[in-house]
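Notes follow once the structure below has been shown.
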Protein chains: 2
Amino acid sequence: MDQSNAPQSGQALLFLTDEQLRKGIEAMFFAYRGFTADPDRILSEKSYGRAHHRAIHFIHRSPGTTVNNLLSILGVTKQSLNRVLRTLVEDGLVESNVGATDKRERNLYLTEEGAALERELSDAQRDRMRAAYRAAGPAAVTGFRQVLEAMMDDDMRRQFDALRDTRGRS
Amino acid sequence: MDQSNAPQSGQALLFLTDEQLRKGIEAMFFAYRGFTADPDRILSEKSYGRAHHRAIHFIHRSPGTTVNNLLSILGVTKQSLNRVLRTLVEDGLVESNVGATDKRERNLYLTEEGAALERELSDAQRDRMRAAYRAAGPAAVTGFRQVLEAMMDDDMRRQFDALRDTRGRS
DNA sequence: TTGGAATGTCAACAAGGCTGACGTATCTTC
DNA sequence: GAAGATACGTCAGCCTTGTTGACATTCCAA
């Protein structure tokens with residue numbers, strides 16, 4: 001009863017057993033653990049958590065971004081984000097400047113120290129990603145990206161696609 | 001300086017820019033959100049969390065598994081798991097039986113009610129997975145799985161590979 | 001100019017990780 | 001049979017990171 005794989009719009013038919021799908025689900029579970037393992041290790045030494053990593057990543061990605069913007073990318077409440085942001089500002093990793101045109105807004109930037117941590121974290125994560133990409137090969141990478149994109153919610157995919165590189169080239 | 005892509009063991013060389021790798025990292029982040037979104041919705045209505053889902057999933061996957069075994073798969077402490085397991089047993093979703101050969105062990109099974117919730121959760125998750133697989137196509141699925149496996153830690157990959165289907169075929 | 005919307009902050013609570021310590025059966029080994 | 005190891009449960013307390021509620025500030029439009 002789970003095998004109703006009706007063909008769609010002339011596309012090649014894919015027969016997907018529950019077992020295949022479950023294997024995919026479990027692969028996602030275990031892989032995500034690996035994906036976060038290296039940054040987690042670095043962060044725990046500095047008594048930060050994954051939430052700090054995410055904030056740092058996206059501030060690096062889009063310097064000058066506002067709290068609100070970060071909020072919609074991260075998908076958490078502003079109170080949750082604020083706690084993380086506060087510690088990062090207190091510790092001198094993030095700079096929070098009152099907006100020039102709209103004083104309600106805060107524009108967020110990494111300090112030198114923040115940028116250094118960002119580099120350490122993303123180096124570790126990229127190393128693993130690079131190793132995985134190389135082990136799997138270029139065709140696999142394309143497929144990997146396609147499946148991941150198809151797995152996102154529509155609004156997440158929009159966020160994802162909207163993330164252009166706004167940093168100056170180093 | 002980040003472009004040092006020395007070839008390895010005669011393998012085809014893969015040029016991976018930091019930008020490509022970061023896109024992969026972000027894809028992983030957003031996709032995992034989508035991956036957990038549907039079960040999370042269902043669980044929050046029943047005041048359970050992701051931790052309950054994981055326990056239920058792997059008990060379903062390996063009926064009769066022991067607490068210790070579950071512990072090593074999930075990678076959490078027994079105190080953490082115990083809290084979750086206790087509520088599931090209290091609520092009548094999981095049965096915990098003293099081991100037959102080794103009475104120190106507890107063999108874990110889903111009750112009818114537990115199996116019903118498992119079905120609801122995994123149906124939702126499989127639907128999304130199936131849609132993503134179909135949208136991306138069979139070649140992409142293969143690549144997806146290859147990259148995910150390459151991203152795991154060695155011991156996780158062993159856990160992952162060891163997960164055979166021990167349930168009776170339905 | 002004033003009321004509503006947007007932005008961000010403070011406070012308090014809950015879930016679910018963690019460590020540490022301990023109790024109790026139940027093997028296993030000497 | 002005694003001693004130690006193993007499997008499991010539990011209590012206590014901590015931390016991170018989610019949540020909601022209340023509130024101050026700022027902007028904008030009627």
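What you see is a predicted model; the values in this text were computed from it and never measured. So you know, we letter chains A, B, ... as the sequences are listed, proteins then strands, and number each from 1. Side chains are part of it too, since the values below use all heavy atoms of this structure and drop only hydrogens, waters and symmetry mates.
- Per the geometry, CZ belonging to Arg86(A) stands 7 Å off C1' belonging to dC10(C), to the nearest Å.
- Ring pair Phe160(A)/Phe30(B) is perpendicular by interplanar angle, where above 60° counts as perpendicular and below 30° as parallel.
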Original post:
How far apart are the C-alpha atoms of Gln159(A) and Ser72(A), what are their side-chain angles, what is the distance that settles it, and do they pass the side-chain contact (heavy atoms from CB on, under 4.5 Å) test?
Top reply: CA-CA 8 Å; Gln159(A) 302 265 22; Ser72(A) 65; 3.7 Å; yes

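- Residue Arg83(B) places a side-chain atom within donor-acceptor reach of the base of dG17(C), judged by atom type and a 3.5 Å distance cut-off alone.
- Between Lys46(B) atom NZ and dA14(C) atom C1' the separation is 20 Å, expressed in whole Å.
- For the pair Arg130(A)/Asp18(B), a side-chain contact is recorded, criterion being any heavy-atom separation below 4.5 Å from C-beta on.
- The shortest non-hydrogen separation linking Leu43(B) to Gly49(B) is CD1-O, 3.6 Å.
- Remark: P of dT16(D) and OH of Tyr48(A) are 11 Å apart, rounded to the nearest angstrom.
- Distances shorter than 4.0 Å separate some side-chain N or O of His52(A) from OP1 or OP2 on dT17(D).
- The interatomic distance linking Arg50(A) (CZ) with dA15(C) (P) rounds to 20 Å, in whole Å.
- Between the NZ atom of Lys23(B) and the CG atom of Leu148(A) there is a distance of 12.0 Å, given to the nearest 0.5 Å.
- Within residues 98-106 of chain B, the residues having any heavy atom under 4.0 Å from DNA chain D are, by residue number, Arg104(B), Glu105(B), Arg106(B).
- Among Leu117(B), Asp40(B), Val84(B), Ile42(B), the single residue meeting the side chain to side chain contact (heavy atoms under 4.5 Å, CB included) criterion with Tyr48(B) is Leu117(B).
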**OP:** Start with the C-alpha distance between Leu85(A) and Ile59(A), add both sets of side-chain angles, then the distance that settles side-chain contact (heavy atoms from CB on, under 4.5 Å), and finish with yes or no.
**Re:** CA-CA 11 Å; Leu85(A) 238 34; Ile59(A) 292 173; 4.1 Å; yes

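- Counted within 6.0 Å of CD on Glu112(A), heavy atoms from surrounding residues, nucleotides or ligands total 12 or fewer; the atom is thus considered open.
- Put simply, CG on Leu108(A) is 11 Å from C1' on dG8(C), counting in whole angstrom units.
- Considering every non-hydrogen atom in both Ala55(A) and Leu81(A), the closest pair reads CB-CD1, 4.5 Å.
- For DNA chain D, no neighbouring residue in residues 88-97 of chain B is found when judged by any heavy atom under 4.0 Å.
- Against DNA chain C, the stretch residues 68-75 of chain B makes heavy-atom approaches under 4.0 Å through Gly75(B).
- Residues meeting the salt bridge (Lys or Arg N to Asp or Glu O under 4.0 Å) test with Lys78(B), sequence neighbours left out: none.
- Between Leu81(B) atom CG and dG9(D) atom P there is a gap of 8 Å when expressed in whole angstrom units.
- Here Glu19(B) contributes atom CD and Arg126(A) contributes atom CZ; the two are 10.0 Å apart, rounded to the nearest 0.5 Å.
- Residues Thr36(B) and Tyr32(B) have side chains in contact (heavy-atom distance under 4.5 Å, counting atoms from C-beta outward).
- Residues Met28(B) and Met151(B) are in side-chain contact: their nearest non-hydrogen atoms beyond the backbone lie under 4.5 Å apart.
- OP1 or OP2 of dG9(D) has at least one side-chain nitrogen or oxygen of Asn82(B) nearer than 4.0 Å.
- Contact check for Asp38(A) versus Gln125(A): no side-chain heavy atoms found under the 4.5 Å cut-off.
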Could you pull out the protein-nucleic contacts involving nucleotides 19-22 of chain C (nitrogen or oxygen on both sides, under 3.5 Å)?
| residue | atom | partner | partner atom | Å |
| --- | --- | --- | --- | --- |
| dG20(C) | N7 | Gln79(B) | NE2 | 3.4 |
| dG20(C) | O6 | Gln79(B) | NE2 | 2.8 |

**OP:** Just do the side-chain contact (heavy atoms from CB on, under 4.5 Å) check on Arg83(B) and Gln79(B) with the steps written out, would you?
**Re:** CA-CA 6 Å; Arg83(B) 193 182 336 166; Gln79(B) 294 91 328; 5.8 Å; no

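- With axes fitted over five pairs at each extremity, the angle between the ends of the helix from dT1(C)-dA30(D) to dC30(C)-dG1(D) is 10° (10° resolution).
- Between Arg104(A) and Arg106(A), the shortest heavy-atom contact is O-NH1, 3.1 Å.
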